[in-house]
There are 2 protein chains.
Amino acid sequence: MELAEARQKFIETWGKLGSEWGINRTMAQVHALLLIAPEALTTEEVMEALSISRGNANMTLRDLINWGLVEKQHKPGERKEYFFAEKDAWTIARQVAQERKKRELDPLLKVLNELSEVKGNEKDAEYKTFKTSVKGITKLSANVNKTLETMIKAEESWFWGSILKIFK
Amino acid sequence: MELAEARQKFIETWGKLGSEWGINRTMAQVHALLLIAPEALTTEEVMEALSISRGNANMTLRDLINWGLVEKQHKPGERKEYFFAEKDAWTIARQVAQERKKRELDPLLKVLNELSEVKGNEKDAEYKTFKTSVKGITKLSANVNKTLETMIKAEESWFWGSILKIFK
DNA sequence: ATTAATTTTCAATAATTTTTGAAAGTTTAA
DNA sequence: TTAAACTTTCAAAAATTATTGAAAATTAAT
């Protein structure tokens, strides 16, 4: 496969993967484009490469910055802003884990905690089933939470080394 | 909090979480409803409880069955079909992991493998960056893959016991 | 201060996804 | 069979989400 084709395929694949995980396709594609770009790109270049509008490029790049996956760069003597993606896969994974934990898991744990205090009658099947289900999900979530906390702090080699050693 | 309110909140929260993870909100809500239902429910009851149409309920329940999260039940002497959700959180997590691995990670690994064979010039910065990025993602994906394979086969207590022991 | 370059905003539009509901299909029992 | 009970399908409609593009805002050099 030629480089140009491979780059296209990578961008497309990353975009599809993103959309399957609740991330807007274009955002994932811009991320992919920057991931395989040796140098920081301008908004103009991103627009051009993916055939998207200025507004879309601007908002998408802003979102990627908010996710901690992309940084602005300024070249001396130049007015334009350049955008550059973190390239290390482990750093990306940790960043995504951290953001999704903050946005989704932490609020979920809070709700589950509230729900665990529901009042009711121990003889009531609905009440019992509710409590049992919530408790099971809470326990699982707590384990995921601890694992993510560890991951977010960890070195890649230590983290996978530890996990894969057990599983061998 | 009263049971009725707590049940509503649980359904709403599960629906929101689902939509953040690329799962249609209604599908997650139907799942939530069945998760906290002590008995299997009919299509009619699902429609009623969530105010959704028959067509929607039917398709959503079919999808949940395809995900391995819900089963059909038949009550003796009754014509209607009843739907019942697997209640164990670990079993649910494994089932979701298995399906998403099959639908998303396995195809991704296949593409990454193809992309690793891209032809090009070692002196070309675009080529080098591409190869490096793809290699990094491939390595991470392989580790996730092995972890999921282990998880899919594992007993809950062994899995978390092993992981959390390392991280303590 | 003025202007030209660049970035940001956001109402309007387009695209996509989800839902509806009625018709068609299927199953079971009389 | 017939018919009632129930399930499935799917084209059309509704709802949601993403994108555009031009105007407004900002920035920096003259």
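All values reported here derive from a predicted model rather than from experimental measurement. In what follows, every chain begins at residue 1, and chains take the letters A, B, ... in the order their sequences are listed.
- The side chain to side chain donor-acceptor pair (under 3.5 Å) test with A:T60 is passed by exactly one of A:N56, A:D63, A:N58: A:N56.
- Residue-level contact check: A:N24 touches the backbone only, with heavy atoms under 4.0 Å from sugar-phosphate atoms and none from bases.
- Distances shorter than 4.0 Å separate some side-chain N or O of A:T26 from OP1 or OP2 on D:dT19.
- Counting to the nearest Å, the P atom of C:dT18 and the CG atom of B:L61 are 16 Å from each other.
- Looking only at side-chain heavy atoms (C-beta outward), A:L35 and A:W14 come within less than 4.5 Å of each other.
- Atom CE of B:M27 and atom P of C:dT17 are 16 Å apart (whole Å).
- Not one N or O on the side chain of B:R25 forms a donor-acceptor pair closer than 3.5 Å with the backbone of B:G18.
- Looking only at side-chain heavy atoms (C-beta outward), A:K75 and A:K80 stay at 4.5 Å or farther from each other.
- For A:R79 against D:dA28, a side-chain-to-base donor-acceptor contact under 3.5 Å is absent.
- One atom, NZ of B:K72, and another, P of C:dT27, lie 10 Å apart when rounded to the nearest Å.
- Nucleic acid contact for A:S51: sugar-phosphate only, since backbone atoms but no base atoms lie under 4.0 Å from a heavy atom of the residue.
- Between A:S53 and B:N58, it is B:N58 whose nearest contact on DNA chain D lies nearer the 5' terminus.
- Regarding B:L64, its CG atom lies at a distance of 14 Å from the P atom of D:dT8, rounded to whole Å.
- When rounded to the nearest whole Å, the span between OH of B:Y82 and C1' of D:dA5 equals 13 Å.
- The distance from atom CG of A:N56 to atom P of C:dA14 is 16 Å, rounded to the nearest whole Å.
- Nucleotide C:dT8 holds its C1' atom 11 Å from the CZ atom of A:F83, rounded to whole Å.
- Defined by atom type and a distance below 3.5 Å, a donor-acceptor pair is present between the side-chain atoms of A:W21 and B:E104.
- B:R54 comes within 4.0 angstrom of a nucleotide base, judged by non-hydrogen atoms across all strands.
- Contact between the side-chain N/O atoms of B:R62 and the OP1/OP2 oxygens of D:dT9 is found at a separation under 4.0 Å.
- Positionally, the nearest nucleotide of DNA chain C for A:G55 lies more toward the 5' end than for the other of A:G55 and A:R25.
- Per the geometry, CD belonging to A:E78 stands 12 Å off C1' belonging to C:dT6, to the nearest Å.
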